[in-house]
Amino acid sequence: MEAAVFNRGPKWLQRLHDWRVEHVSDRMFILVLALLVGFFAAVAAFSLHWIINQIVMLLTSSFEKSRANWLYLVYPVVGIYLTSLFVRYIVKDNISHGITRILYAISSNKSRLKSHNTWSSVIASAITIGFGGSVGAEAPIVLTGSAIGSNLGQMFHLDRKMLMTLVGCGAAGAIAGIFKAPIAGLVFTLEVLMIDMTMSSLLPILVSCVTATCFTYIFSGDAALFTFHLDSEWSIQRLPACVLLGISCGLISLYFIRMMGFCEGIFARYKEHPHIRLAIGGTVLSLLIFLFPSLYGEGYSSINLLLNGRTEADWNQILNNSLFSGQGSLLLGYIALVLLTKVIATSATNGGGGCGGTFAPSLFVGCFTGFLFSRLWNIHQIGVYIPEKNFALMGMAGVMSGVMHAPLTGMFLIAELTGGYSLLVPLMIVSVCAYLTIIIFEPHSIYGARLAKEGKLITHHTDHAVLTLMNLDSVIERDFLSVTPDMELGQIVQKISRSNSSVLPVLDPSGVLLGEVEIKKIRNVMFRTELYHHFKSSQLMVEPKATLSESTSMEKVMRTFDRTRADWLPVLDKDSRLLGYISRQRVYTMYRKMVADMSED
C-alpha cells in the first residue's frame, strides 16, 4: 500500500491518511474498508430492490389476473426509453455488461472503476426492471459494490493489489447482500472474478460478505428471496435423472450463451442509431411480455410459484395475466416457450437501451428447465418419480453453473438461498454435469467471452494472469537514439557511445523503421577509424528479428522474445513508425516481481 502523502484532495482526508499510516497497519485498514464496502453494498442492494418493487406495484397492482393486459405492450418500451435518456444525458457513459466491466477493470485498468458506477447502475436498472425489462438486478449491484470498493481504495491511494481485493469485496458483498448467501458471495469472487484466495484477500472478502449479509437481515428481515420446502429426501435411485438434468442444463446454457451473442450482434449493427435499437428492442420485448407475462421483470414471482406449487392448480398460476389464462392443458408448452424466449427478451432489453444483467435470467431459465424436465419425466413415467419442485431448484443451479462457468457458485447459492442443504449432493451432481457439458462447446463464461477474444481475461493460471495484468505501454522505452540511412560509420560510433541499448534504429525522415544497426555485428569495423567514411547505416543495417505493435498482448511479446532470442524489440504504430523499444531484461524483471507479488500471502 502506498504510504505517500496525498498530493491532492481535501485536508481532512490528508489528515486521516497521515493518522492511518501512523496508527493503523495495512492489514487492519483493508479489513476496515472491507467492512464499509460490505455495508454500502447491502444498502445498495436493498435500495435497488425496494425501488423496483415500488415501481412494479405502482404499475401492475390493478391488473386482472384472468385476462391479458394491453399495458404490457407499453411499459417495457417506456422503461427502456427512460433508461436510455438517463444513460445518454446524465451518466454519459456505457454502463451495460456490469460484470464484464469489472473483469475489464481488473485486467486492463488497474482495478479502477469510475465514481458514477457507485450509483448509476442502481438507478438505470431500477427503471428498466420496474417497467418490465426482462433482466436481473444482480449484475448492476455487483458493479455498484465493486465500484464502491474501487473508489474507496482510490480515495486512499491503495496499490493495485489492494484495489483488486476491494473490488472483490464489493462484488462478494453484493452477492451476499442480495441473496443473504455469504458463502456464495465468496465463491462467486473466486470463480467468476478470478481473484485468488490468498490469505491477504480471503479475510477481507469474508468480512465484506458477512457484513453485507447481516445488514441485509437488519434491513429486510429473515424472509428469503425464494421460499422452498423439501418434498422428499434425495435417493440414489434419482441419480440418472440428476445426471440427465445436468446435461440438459448444460445444453440450455449453450443455447443461452449462443443466442445472447447472436442477439447482441444484431443490436451492434445499429450502435450509432439508438432510436432504431429502441424500436427493435422495445417492440420485441413488449410483444414477448404481452404473450408471456412471466417474462416481466426479474421473474422471481414465477420462480416461487414453481418452487412451491404442489398441484396442477398451483402451477397453472403461471398462465395468469396472459392470453392462455385458465388453459391448463397448455402449461408445458407455455413453459417451454418462456424458457426459450427469456434470453431473447433479456437481449432485447439491454440491446434496446435498458440496463440489467444475466444473473437472474439464468436462475429463471434454470428453474423452468428443471420443472419442464421433471414434468416430462413423470408424465412419461421414465423411471422413479422425481419431485418437480426439487428439480426446478436443481435446474437453477445447473443453468447458472453453465452460463457463468461457476459450478461452486451455482451449488452454494441455491443451497443458501433456499435452505436446501438437504439437496446438496444432487445440486453438486447437476452443477458439475452442466459445467462439464458446457465447456465442451464454450471455454469461457458469458461474462468472460468478450474479454477472452481480446486477450484481456484474468484466469487462475498465474503466468497468464500476470501477463494479462502487465501493460505493454508501461514497458516501452521511448527515449532512444536513431540514425538516418545515409549516416556514416563515424557518426554512428558517436551515437553508440551515448546509447543505452545494443541496437540503433535506422529511420527515414517520417520516422518509419527501415532496419537496425546491431552493435555486436559491427564490432569488427567500429574501431577502425580509417573506415569511418566508407560505411553508411544503409550498408550496416539488418532487418529486426521481429516487430511488435501497440495492440500486441504481453503473452505474445514473451513468446516473441523466446522465439527470437532478441534483447530488444521495436514497437511500431499502424504506419510502421517507431514508437520505442521493449527490453527483454526489463520485461522479465517486471514479470518476476509481479509473480512474486501475486504469490505472497
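Here the structure is a predicted model, which is why all the values come from computation and not from measurement.
Under a cut-off of 6.0 angstrom, the local environment of CD in Gln381 is sparse, with at most 12 non-hydrogen atoms contributed by other residues, nucleotides or ligands. Within a 6.0 Å radius of CZ in Phe262, other residues, nucleotides and ligands contribute 12 heavy atoms or fewer. For Tyr300, the OH atom sits in a packed shell: over 12 heavy atoms of surrounding residues, nucleotides or ligands are nearer than 6.0 Å.
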Check the pair Glu312 / Arg375 against salt bridge (Lys or Arg N to Asp or Glu O under 4.0 Å), numbers first and verdict last. CA-CA 11 Å; Glu312 294 283 347; Arg375 286 296 293 154; 2.5 Å; yes
List the steps, then state whether side chain to side chain contact (heavy atoms under 4.5 Å, CB included) holds for Ile386 with Leu245. CA-CA 11 Å; Ile386 55 177; Leu245 175 62; over 6 Å; no
Given Phe188 and Ile99, is the side chain to side chain contact (heavy atoms under 4.5 Å, CB included) satisfied, shown in steps? CA-CA 11 Å; Phe188 172 85; Ile99 296 176; 3.8 Å; yes
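Proximity of a side-chain donor or acceptor of Ser134 to a complementary backbone N or O of Leu295 within less than 3.5 Å is detected. The main-chain N or O of Glu442 is found under 3.5 Å from a side-chain atom of His405 such that the two form a donor-acceptor pair. Judged by distance alone, the side chain of Glu138 and the main-chain N or O of Ile178 form no donor-acceptor pair under 3.5 Å. Between the side chain of Ser286 and the main chain of Gly282, a donor-acceptor pair closer than 3.5 Å is present. Side chain of Tyr296 to main chain of Gly130: a donor-acceptor pair is present (N/O by atom type, distance under 3.5 Å, no hydrogens or angles). Between the side chain of Glu416 and the backbone N or O of Ile183, at least one donor-acceptor pair lies under 3.5 Å.
Between atom OH of residue Tyr217 and atom CG of residue Asp222 there is a gap of 6.5 Å, rounded to the nearest 0.5 Å. Rounded to the nearest 0.5 Å, atoms CD (Glu298) and CD1 (Ile303) are 9.0 Å apart. Between Ile414 atom CD1 and Leu427 atom CG the span is 7.5 Å, to the nearest 0.5 Å.
In this structure, Ser401 and Tyr435 approach most closely via the heavy-atom pair O-CD1, 4.3 Å. Closest of all the heavy-atom pairs between Met400 and Phe359 is CE-CE2, 3.1 Å. The two residues Leu306 and Ile318 have their closest heavy-atom pair at CD2-CG1, 4.0 Å. Shortest non-hydrogen contact noted between Leu143 and Ser121 is CD2-OG, 3.3 Å.
Side-chain atoms of Ser322 and Tyr334 form no donor-acceptor pair, as typed in the model, at a separation below 3.5 Å.
With Thr83 as the partner, the side chain to side chain contact (heavy atoms under 4.5 Å, CB included) test is satisfied by one option alone out of Ile129, Asn350, Ile127: Ile127.
In this structure, Phe371 has its ring center closer than 6.0 angstrom to the ring center of Trp315.
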